Amino acid sequence: MARGPLPLRRAVGAVADLLTVPRRLAWLNEAGERIGTTLDLERTAGELAEFTVPRLADGCAVDLLESILRGEEGDRWRLPGTPVTRAMAVAQIDGLDLEPDPVGHLSTHTPEGLSSRCLETREPVLVTRMTSETFNRIAPTRSAALKMRREGVHSYMAVPLIARGVLLGAADFIRVGKRPPFSTTDLALAMELASKAAVFIDNARLYGREREHVVTLQRALLPRVTPSTPGLDVASCYTPTPDPGRVGGDWFDVVALPSGRTALMVGDVMGRGLSGAATMGSMRSVARTLMALDIAPERVLARLDLAARDLEEDQVATCLCAVYDAATATFRMASAGHPPPLLLFADGEAQYVDVPVGGPIGAGVIPYDPVECRAPDGGGLLLFTDGLIKSRTEDLDTQLELLREAARGLRPGEGNPCELLSARMGGDRSDDAIVLVAGTKPLEPEAEVRVWTLSPDGSAAGEARKIVKEQLELWGMDDLVEVTELVVSELVGNALRYGGAPGELRLIRYERLCVEVSDTGPDLPQIQPVSLIDEGGRGLQLINMLCRRWGSCRTTTGKVVWAEQDIPAGSGTASGLMGG
């Protein structure tokens, strides 16, 4: 952070520049242009130190309170004791060999030190003539005091940095050699400069604190962990932009769906800041709820569009939704104004999936057209938000091609995908970015998905019971045969009565045992109150009592009704699977 050395002869004559009032005013105006060029605390402190050398002082050190560097409020009231500060910037003329606190380290303040007095009283300190005692009260260590004496330091100033009533730190100034000692006029000038610079430092503090708050909210509203799903390895990352005005709004989600399916979603709310992050959280919650009711991505986006119009913020968003089916190794996806996903191949190649782009969520332009593609063996799918490809200098097509080249050979588990892709692409980062990489993999030895087509008549129940019994015995799950036979009978019976006819029977073991029956009926079943004299209507109540959980959701051709059971530890080949 230290400024480069300056010739000593320039320092000796520099004081003449500030002898007249017009020159002092011009110098202070220049400070407004050269200090606070960015909203970065360290950079702003460095600009203050560099600006004062050599025209005001031969050396300058700027210390800021540790509390404001941690994003806290700072010291608004005078408290007993010296606040803890950290050295943020040092500047000095060429040939000056001093021993200040190293930049980035905590500052050294002795109780009797003059810098301590400045911080405690919030009043400036002026020493026009140095003595042995003042050297020891200024320097952080005894060796530093000896060096100050040897280098000819003869006067000293310390001024507090206060903005909006908040103490932010202090700036120290020294003069050496043949320059005249600091005067009360110099002290007044330094106070004016410190007041101006403190506003820039406080702006940087507030800017950084706002960004931290938005990023904290944004991260809290995103998934902390991704669920374990059959046939997929999923890696995700969120990288906020340095600009707090552009933080917020990007989201992703990974939802485990019934019978080996997985929903992958990425979205980007067009609002920013706290309101954008809050809207993002609302949309993600609604989308997650909709995925539990309908596993067709195009219908989820359509319903999400309707729900978004009721949000008070009246904001729109882009979204890409993909559903992976481990039984068929296929992705079904739909897009609401979102950049296309990348299909990753085992040989390292990558190509974009041609997904029809519908209108953004909240714009009211529906329906959405889905596309289905087979997942390449050993490959995967990469979803991202547009912050990864935004550029101030390149067009969108160029950035998309750069991303395709950068994504070649990318696999989950190889590090932070945002950092890897950004490093390979280069360029600027002017927006948030989310990357979701889902790599396909063979099912684990203890996991398996089996699918059968059932007869569309009354023999389906007996057929389903036989299939379930034989398959569970093959898996060594004899303990679950009786309950599963009863459950599948009720599911098939429900499909025969209310769904036209059963379609497929699906059985999956992965952490739990799940049985699922599909049909073409539009209505989702619900548990209804049953009186003592009713002969039927207790099937779902029975499933609800016997299983860990059950549910139903719509598909592209109708609906599925499913039920899950815990797998007892040590149950045949499923021993070691997670239960409970």
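All values derive from a computational prediction rather than experimental measurement.
Screening K559, R303, R261 against D294 for a salt bridge (charged side-chain N to carboxylate O under 4.0 Å, His left out) leaves a single residue, R303.
Defined by atom type and a distance below 3.5 Å, a donor-acceptor pair is present between the side-chain atoms of W475 and E448. A donor and an acceptor atom, one from each side chain of D268 and T385, are nowhere located under 3.5 Å apart. Under the 3.5 Å distance criterion, with hydrogens and angles disregarded, a donor-acceptor pair is assigned to the side chains of S228 and Y510.
Considering all non-hydrogen atoms of both residues, T484 and Q565 come closest at OG1-NE2, 2.8 Å. Closest approach of L304 and L290 over heavy atoms only: N-CD1, 3.5 Å. Closest of all the heavy-atom pairs between L343 and C373 is CD1-SG, 4.3 Å.
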Apply side chain to side chain contact (heavy atoms under 4.5 Å, CB included) to the pair L381 and V353, showing each step before the final yes or no. CA-CA 9 Å; L381 193 69; V353 182; 4.3 Å; yes
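Without hydrogens or angle criteria, R554 side chain to L293 main chain gives no donor-acceptor distance under 3.5 Å. Side-chain N or O atoms of Y368 include one that pairs as donor or acceptor with a backbone N or O of G359 at under 3.5 Å. Side chain of D305 to backbone of G362: a donor-acceptor contact under 3.5 angstrom is found. E47 places a side-chain N or O within 3.5 Å of a backbone atom of T37 that can act as its donor or acceptor partner. Without hydrogens or angle criteria, R332 side chain to C321 main chain gives no donor-acceptor distance under 3.5 Å. Between the side chain of T440 and the backbone N or O of G379, at least one donor-acceptor pair lies under 3.5 Å.
In this structure, D354 places its CG atom where only 12 or fewer heavy-atom neighbours from other residues, nucleotides or ligands lie under 6.0 Å away. Atom CG of D377 has 12 or fewer neighbouring heavy atoms from other residues, nucleotides or ligands inside a 6.0 Å radius.
Taking the charged nitrogens against the carboxylate oxygens, R86 and E66 do have a contact shorter than 4.0 Å, which makes a salt bridge.
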